[in-house]
Amino acid sequence: MNKDELGKLYPITVVPYDATWTSQFKNEKQTLTNILSSEIALRIEHIGSTAVPNLSAKPTIDILVEIPKENGISELIISKMTQNNYIHMKEQKNHLMFIKGYSPTGLEKESFHIHMGTKNLDFLWDRVYFRDYLRANPTVANQYEDLKYKLAEIYKYDREAYTENKTEFIREITKLAKER
């Protein structure tokens, strides 16, 4: 599929907050722990907008997993995850990423983006700072929500443009969060 076909199959849809997102995360965290063990999945965090109470979001649960820095660990993780029906996003070169809940007819009722990396990958772990800042600052969370609705309307079928146009806001808030 080309980018346009993918955009139409999986459009950007921002929906009101859903309290079940927390339980979806907890269930998926347990699944990941069962697949990988606590020796591989050292820390598992719920990140992204679905991790912020009362914040509208794309209904996909973003999860961040800390993995050890060991030779061969990536190959082991890829093997275990793909054996359990996760799709390895090979185009991600800076970290491991898997998706679940994407079908040939669109998103399933529950979908997940699972990012994995060592604790020294700041570009990944900065997402925890951003999440925590939004949780502590509802006014800023509302500004982010407004931005997401606006961008979802403009870039409904272009995930890359949607994400790219949120980047400056995220960068500024993450910088503020890290200064605190």
Side-chain angles (χ1 to χ4, degrees), residues 1-14 21-22 24-52 57-104 106-132 134 148 151-152 155 157-167 169-171 174:
M1 265 188 208
N2 67 35
K3 185 177 154 187
D4 291 335
E5 292 168 328
L6 285 171
K8 290 203 179 358
L9 185 58
Y10 307 112
I12 301 295
T13 307
V14 176
W21 290 337
T22 300
Q24 288 178 41
F25 162 72
K26 288 178 182 173
N27 292 338
E28 195 64 20
K29 177 180 179 179
Q30 185 60 56
T31 299
L32 292 169
T33 301
N34 292 343
I35 292 168
L36 298 173
S37 83
S38 58
E39 287 80 36
I40 296 174
L42 303 175
R43 175 177 163 200
I44 302 175
E45 294 279 346
H46 186 185
I47 58 169
S49 296
T50 62
V52 180
K58 294 189 320 279
T60 298
I61 309 301
D62 287 296
I63 297 175
L64 180 55
V65 180
E66 179 186 347
I67 58 174
K69 191 172 189 169
E70 293 177 13
N71 289 334
I73 198 75
S74 292
E75 293 78 13
L76 176 63
I77 291 169
I78 292 167
S79 174
K80 286 178 174 271
M81 294 293 284
T82 55
Q83 286 172 16
N84 285 278
N85 301 316
Y86 290 83
I87 299 167
H88 178 216
M89 302 301 290
K90 295 175 186 148
E91 58 274 2
Q92 279 294 343
K93 301 296 182 196
N94 297 325
H95 70 289
L96 290 175
M97 182 178 174
F98 300 89
I99 61 172
K100 179 178 168 185
Y102 284 71
S103 78
L107 282 180
E108 295 175 5
K109 186 173 186 225
E110 292 185 9
S111 60
F112 301 90
H113 289 173
I114 296 133
H115 306 269
M116 297 184 181
T118 58
K119 67 180 174 183
N120 66 329
L121 295 178
D122 289 345
F123 73 93
L124 281 178
W125 293 96
D126 281 354
R127 298 170 192 200
V128 175
Y129 285 101
F130 182 70
R131 176 205 64 197
D132 290 349
L134 293 182
K148 291 189 316 165
L151 294 175
Y155 302 110
Y157 302 109
D158 189 344
R159 284 183 175 271
E160 290 172 16
Y162 171 82
T163 301
E164 184 179 311
N165 281 278
K166 294 187 308 177
T167 300
F169 182 91
I170 293 168
R171 188 178 299 128
T174 301

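Predicted model, so just to flag it, every value in this text is computed and none were measured.
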Quick check: do [X] and [Y] have side-chain heavy atoms less than 4.5 Å from each other?
| X | Y | value |
| --- | --- | --- |
| Tyr86 | Leu32 | yes |
| Leu42 | Pro68 | yes |
| Ile61 | Glu110 | no |
| Arg131 | Leu64 | no |

Does this structure show an ion pair linking Lys100 with Glu28, if we count only N-O contacts that are shorter than 4.0 Å? yes

Side chain to side chain contact (heavy atoms under 4.5 Å, CB included) assessment of Tyr102 paired with Leu107: CA-CA 5 Å; Tyr102 284 71; Leu107 282 180; 3.6 Å; yes

Tell me, please, which residues at least two apart from Lys148 pass salt bridge (charged side-chain N to carboxylate O under 4.0 Å, His left out). none

Using the test salt bridge (charged side-chain N to carboxylate O under 4.0 Å, His left out), find all partners of Asp122 that sit at least two apart in sequence or belong to another chain. none

Would you compute the distance between atom CZ of Arg127 and atom CH2 of Trp125 and round it to the nearest 0.5 angstrom? 10.5 Å

Nearest 0.5 Å, please: how far is CG in Asp126 from CD1 in Ile170? 11.0 Å

Heavy-atom count around Tyr129 OH within 6.0 Å, excluding the residue itself: above 12? no

Determine whether Ile73 and Met116 satisfy the following criterion, side chain to side chain contact (heavy atoms under 4.5 Å, CB included), listing intermediate values before the conclusion. CA-CA 11 Å; Ile73 198 75; Met116 297 184 181; over 6 Å; no

Member of Asn27, Thr33, Asn34 meeting the side-chain hydrogen bond (donor to acceptor under 3.5 Å, both in side chains) criterion with Gln30: Asn34

Does the side chain to side chain contact (heavy atoms under 4.5 Å, CB included) test come out yes or no for Leu124 and Glu66, once each step is laid out? CA-CA 10 Å; Leu124 281 178; Glu66 179 186 347; over 6 Å; no

Parallel, tilted or perpendicular: which fits the ring planes of His46 and Phe25, with parallel below 30° and perpendicular above 60°? parallel

Determine, step by step, whether Glu75 and Ser79 satisfy the side-chain hydrogen bond (donor to acceptor under 3.5 Å, both in side chains) criterion, reporting the C-alpha distance in whole Å, the side-chain angles of both residues, the deciding distance to 0.1 Å, and the verdict. CA-CA 6 Å; Glu75 293 78 13; Ser79 174; over 6 Å; no

Could you work out, with ring-ring contact (aromatic ring centres under 6.0 Å, His included) as the rule, every residue matching His95, not counting sequence neighbours? His115, Phe123

I'd like to know whether Phe98 forms a side chain to side chain contact (heavy atoms under 4.5 Å, CB included) with Ile78, so could you lay out the CA-CA distance, the side-chain angles of the two residues, the decisive distance to 0.1 Å, and finally the verdict. CA-CA 9 Å; Phe98 300 89; Ile78 292 167; 4.0 Å; yes

